[in-house]
Amino acid sequence: MSTTFSPPAAHHADLDERIELILNEVIARNPAEVEFHQAAREVLDCLGPVIAKHPEFADHKIIQRICEPERQIIFRVPWTDDRGEVHINRGMRVEFSSALGPYKGGLRFHPSVNLGIVKFLGFEQIFKNALTGMPIGGGKGGADFDPKGRSDGEIMRFCQSFMTELYRHLGEYTDVPAGDIGVGGREIGYLFGQYKRITNRYESGVITGKGLDWGGALVRTEATGYGAVYFLNEMLRRRGEGIEGRTAIVSGSGNVAIYAIEKLHALGAKVVACSDSSGYVHDPAGIDLELLQQVKEIERARISQYAERRRDARFVAGASVWEVPCDLAVPSATQNELHESDAVALVKNGCVAVAEGANMPTTPAAIRVFADAGVAFGPGKAANAGGVATSALEMQQNASRDSWTFEHTEARLAEIMRNIHQLCDETAEEFGAPGDLVKGANIAGFQRVAHAMVALGLV
Ligand code: NDP
Ligand code: 2IT
């Protein structure tokens, strides 16, 4: 007799229609969470053939369960600014899926943060983390706090207040945050310090992206940007092409963008433009990485400052960086930053490949433009998975109280990105959509989580 839990068989007719019904239910249950709806639609749209192949996923209501977070925490974050004025922000953590390991995913501090955004990010994270092949579940968190212009003291007090609530939900076997927009090495330090103080435990594996002197891993800082470029390289190689000699654009100018630019330059491309939320810089001679890091990482200034200090570079306020001609595009700022009209312009200017460094930066209409034009397209949950994969390598080093060399860690990252590309490519082929890495990533990521959920029973 089988020991596997088996619910009654579902009615399998009109699969796509049934998935549409599930999506409509998700939308009705989560009103106004438009980014979450967008992320869920993109995944669910790919699942018809998966359910046809694995009817047990329907019997176990895997799609319905995966769309409902295991736990959501929303909390008040009070703090005082340098003048003594009191501020109140909203913090949250969505613990989406622990089927494959402890909840894992970053924290975002940005004034736009709301539950719909954190849920879209957490949902993406489930499948991204599954694609890495590492033992990590999916989660995401953040706050509607605006770090821009805040002093170190203000940032520290905010992080301490945030962690004073969040710590009770974390643990190296439970939930392991990291950085995202507005959360980098400085914030991770303040967050970890407060966790350590409250719990009286030096639990290194409870958070990733730590400093190299206190449990951090080499390559984690660079990993998302490097990984996105490795993924881009794999997509091009598959078509018998390469990165060398190409012109590229990387949007954004934060953590992901900076290290994507570094790796593109190392592989022989010339990155001629990058951006922030106020506009873009066009530097036909190629972005000077040292100057960019001085402006963004050390001075925490605006990208316009870069153009002021660099001959022949110009800052274009309020315009789209995608109007600059390029062969390769790596959107690395934020969600829905590359619209249909941008995709049309990129195609017209000869762009041949797009790898998403950010999460969901390309709108669905823009993705269709790329698909119709035969542009190679690497979706974020595959292309930017190098960051979280290297977080898992950091957890591995913390668990064994070890630290690896840069070369060893980077070789692991490169291998993981090659494997993710291969898995997405082969899965797309298997499901009758050769070259469609959106389908490949969504199906391959979903299948890994779904198999585990069936095995773990109705939890
Ligand atoms: P940073 O905070 O380091 O940088 C964010 C960059 O994006 C800044 O240049 C910022 O400009 C720009 N940006 C942010 N919001 C907007 C907006 N609403 N409109 C236009 N530009 C905006 O964040 P990261 O580099 O870490 O993250 C960038 C993207 O990569 C995000 O989508 C994140 O989810 C994703 N990601 C990050 C990973 C990581 O390891 N850090 C891993 C995987 C994905 P400005 O300063 O003007 O706000
Ligand atoms: O979107 C992402 O994958 C991240 N922000 C990194 C998550 C992590 O836990 O390293």
Side-chain angles (χ1 to χ4, degrees), residues 35 101-113 117-118 120-129 131-132 134 136-142 146-149 175-188 205-210 217 219-228 231 250-261 274-281 292 295-297 300-306 318 320-321 330-338 355-362 379-395:
E35 290 87 359
Y103 310 108
K104 182 82 195 89
L107 298 170
R108 176 177 291 191
F109 292 168
H110 192 273
S112 65
V113 164
I117 289 180
V118 174
F120 117 65
L121 290 163
F123 189 73
E124 290 283 290
Q125 200 83 48
I126 305 172
F127 308 105
K128 180 196 304 190
N129 294 4
L131 287 173
T132 67
M134 315 291 289
I136 43 180
K140 199 85 186 191
D146 189 356
K148 279 201 188 71
D175 187 350
V176 183
D180 194 80
I181 291 177
V183 178
R186 174 182 58 171
E187 292 74 19
I188 295 294
V206 76
I207 198 163
T208 58
K210 297 181 294 296
V219 190
R220 175 60 190 92
T221 305
E222 296 85 354
T224 312
Y226 279 17
F231 195 90
V250 177
S251 64
S253 49
N255 171 266
V256 178
I258 285 172
Y259 295 99
I261 294 170
C274 64
S275 64
D276 66 16
S277 57
S278 53
Y280 73 82
V281 158
L292 183 65
V295 170
K296 298 302 296 186
E297 292 186 329
R300 297 182 188 274
R302 311 298 298 155
I303 192 86
S304 53
Q305 291 286 315
Y306 172 96
S320 166
V321 69
V330 185
S332 304
T334 194
Q335 66 274 2
N336 294 326
E337 54 151 314
L338 196 167
E356 292 188 323
N359 286 306
M360 208 167 77
T362 314
K381 63 171 74 67
N384 73 36
V388 76
T390 308
S391 278
L393 299 180
E394 183 173 330
M395 292 163 73

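Both ligands and their constituent atoms are indexed starting at 1 by order of listing.
Protein heavy atom in closest approach to atom 9 (O) of ligand 2: Lys104 NZ, 2.6 Å. Closest to atom 7 (C) of ligand 2, if we only count protein heavy atoms, is Gly106 N, 3.5 Å. Among protein heavy atoms, the minimum distance from atom 2 (C) of ligand 2 is reached at Lys128 NZ, 3.2 Å. For atom 10 (O) of ligand 2, the nearest protein heavy atom (residue, atom name, distance) is Ser391 OG, 2.6 Å.
Within the structure, ligand 2 has Gly179 among the residues with a heavy atom less than 4.0 angstrom away. Under a 4.0 Å heavy-atom criterion, Arg220 is in contact with ligand 2. Residue contacts with ligand 2 include Lys140, since one or more of its heavy atoms lies under 4.0 Å from the ligand.
Panel note: side chain Asn359, backbone Gly380; no donor-acceptor pair is recorded below 3.5 Å. Side-chain N or O atoms of Glu356 include none that pairs as donor or acceptor with a backbone N or O of Asn384 at under 3.5 Å. Side-chain atoms of Gln305 never come within 3.5 Å of backbone atoms of Ala301 as a donor-acceptor pair (strictly under, hydrogens ignored). Looking at Ser332, its side chain never comes within 3.5 Å of a backbone N or O of Ala358 through a donor-acceptor pair. The closest donor-acceptor contact from the side chain of Asp175 to the backbone of Gly139 lies at 3.5 Å or more, if one exists at all.
Heavy-atom contacts of Gly105 reach the following atoms of ligand 2: 7 (C), 9 (O) (cutoff under 4.0 Å). Each of the atoms 8 (C), 9 (O), 10 (O) of ligand 2 lies under 4.0 Å from some heavy atom of Ala178.
Side-chain contact check for Met134 versus Met395: every heavy-atom pair is 4.5 Å or farther apart.
Scanning both residues, Asn129 and Gly138, for their nearest heavy atoms gives ND2-CA, 4.1 Å.
Using a 4.0 Å cut-off between heavy atoms, Asn359 contacts ligand 2 through its side chain alone, with no backbone atom that close.
The line from OG of Ser275 to CD1 of Ile303 is 7.0 Å long, rounded to the nearest 0.5 Å. Distance CD/Gln125 to NZ/Lys128: 4.5 Å, rounded to 0.5 Å. Between the CD1 atom in Ile258 and the SG atom in Cys274 there is a gap of 8.5 Å [rounded to 0.5 Å].
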task: Quick one: do Ser251 and Leu338 satisfy side chain to side chain contact (heavy atoms under 4.5 Å, CB included)? Show the steps, please.
output: CA-CA 9 Å; Ser251 64; Leu338 196 167; over 6 Å; no
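Among Asp180, Leu121, Thr224, the residue whose heavy atom lies nearest to atom 5 (N) of ligand 2 is Asp180.
Partners of Asp180 according to the side chain to side chain donor-acceptor pair (under 3.5 Å) rule, which considers only residues two or more places apart in sequence or in another chain, are Arg108, Lys140.
At a 4.0 Å heavy-atom cut-off, the residues surrounding ligand 1 are Arg108, His110, Lys128, Lys148, Asp180, Ile181, Gly182, Arg220, Thr224, Gly252, Ser253, Gly254, Asn255, Val256, Ser275, Asp276, Ser277, Arg302, Ser332, Ala333, Thr334, Gly357, Ala358, Asn359, Asn384, listed by chain and number.
Any N or O atom pair closer than 3.5 Å counts here, and Asn384 shares no such pair with ligand 2.
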